[in-house]
Amino acid sequence: WRGPKEALVAAKLLEKERKGAALHDARLAIDTADAWRRAGDPRKAGDLLRAAMFGDPLHANLGLGRVQMASNQPGEAEQSFRAALAAWDKGAFGVDDQTDARIGLARALVARDPKNKEAAATLDAAVRDDGGSAEAHYWLAKVSQEQGDRDKARAQADKAIDLDDAYPEALALDGDL
């Protein structure tokens, strides 16, 4: 979806799909929640994600953490991303899901305390296990900058740009360094 208006149309269409047996389809609920989040309705998104917890706890917690971060609730987001990591440990999921949860957790930790050491350690693990994630490198650069380690910040920003040379946030951060 290109913007909130398109996301709202998609959310309404997906809601129509969620009838009968599809009402309990966790994946459809998560997709619908994502549309509501993008349309600017975090309450509906959160309700759908909480309903999807039993069917897909990993992706429901990832989505809920994103909604909570967008709603300026870093403490609740931290809990959701920790729950997503716990769900990842119990299932056969891809490393990209683990990386998403780690990035979300680090962002929630930094939102509460910019000098949080656990955030840096979490992102170090993300780039170690998923070295191809430009987003993980970018967030490690951002946290390193916040914590005063400009050399590490520049190296990580450069790596993010190497992986995705059209990553505007990484380009801006690299320019600031």
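Quick caveat: nothing in here was measured; it's all calculated off a predicted structure. Sequential numbering from 1 along the given sequence is applied to the chain's residues.
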(message) Check this for me: does any side-chain nitrogen of one of Glu15 and Arg18 sit under 4.0 Å from a carboxylate oxygen of the other?
(response) yes
(message) Restricting to side chain to side chain donor-acceptor pair (under 3.5 Å), what partner residues turn up for Arg27, sequence neighbours left out?
(response) Asp31
(request) Starting from Trp36, walk the hydrophobic network (Ile, Leu, Val, Met, Phe, Trp, Tyr; side-chain heavy atoms closer than 4.5 Å) and list everyone else you reach, by chain and number. (result) Leu8, Leu48
(message) Evaluate Arg38 against Asp34 for salt bridge (Lys or Arg N to Asp or Glu O under 4.0 Å), listing each step before the verdict.
(response) CA-CA 6 Å; Arg38 291 171 183 242; Asp34 187 46; 3.2 Å; yes
(message) Between Arg112 and Glu78, does any side-chain N to carboxylate O distance fall below 4.0 Å?
(response) yes
(message) Suppose the criterion is side-chain hydrogen bond (donor to acceptor under 3.5 Å, both in side chains): which pairs have a residue in residues 66-77, not counting sequence neighbours?
(response) Gln68-Ser80
(message) Please give the remaining members of the hydrophobic cluster of Val9, linking ILVMFWY side chains under 4.5 Å, ordered by chain and number.
(response) Leu13
(message) Hydrophobic cluster membership, with links at side-chain heavy-atom distances under 4.5 Å among I/L/V/M/F/W/Y: are Val110 and Met69 in one?
(response) no
(request) Measure the OG1-NZ distance between Thr32 and Lys16 for me, rounded to the nearest 0.5 Å. (result) 13.0 Å
(message) Ignoring hydrogens, what is the shortest heavy-atom contact between Leu58 and Ala84? Give both atom names and the distance.
(response) CD1-O, 3.1 Å
(message) Can you tell me if Lys115 has over 12 outside heavy atoms packed within less than 6.0 Å of its NZ?
(response) yes
(request) Could you tell me which residues satisfy side chain to side chain donor-acceptor pair (under 3.5 Å) with Glu118, sequence neighbours excluded, listed by chain and number? (result) Arg82
(request) Just grab all the side-chain hydrogen bond (donor to acceptor under 3.5 Å, both in side chains) pairs involving residues 90-111, residues at least two apart or on different chains. (result) His59-Asp97, Thr99-Asp130, Arg102-Asp129
(message) Using every non-hydrogen atom in the two residues, find where Pro42 and Gly40 come nearest and quote the distance to one decimal.
(response) CD-O, 3.2 Å
(message) Can you tell whether the side chains of Asp162 and Lys159 come within less than 4.0 Å, N to carboxylate O?
(response) no
(request) Working to the nearest 0.5 Å, report the span between CG of Leu177 and NZ of Lys152. (result) 13.5 Å
(message) Under 4.0 Å between a side-chain nitrogen and a carboxylate oxygen: does that hold for Arg43 and Asp47?
(response) yes
(request) Indicate the atoms forming the closest heavy-atom contact of Ala136 with Leu123, along with that distance. (result) O-CD2, 4.3 Å
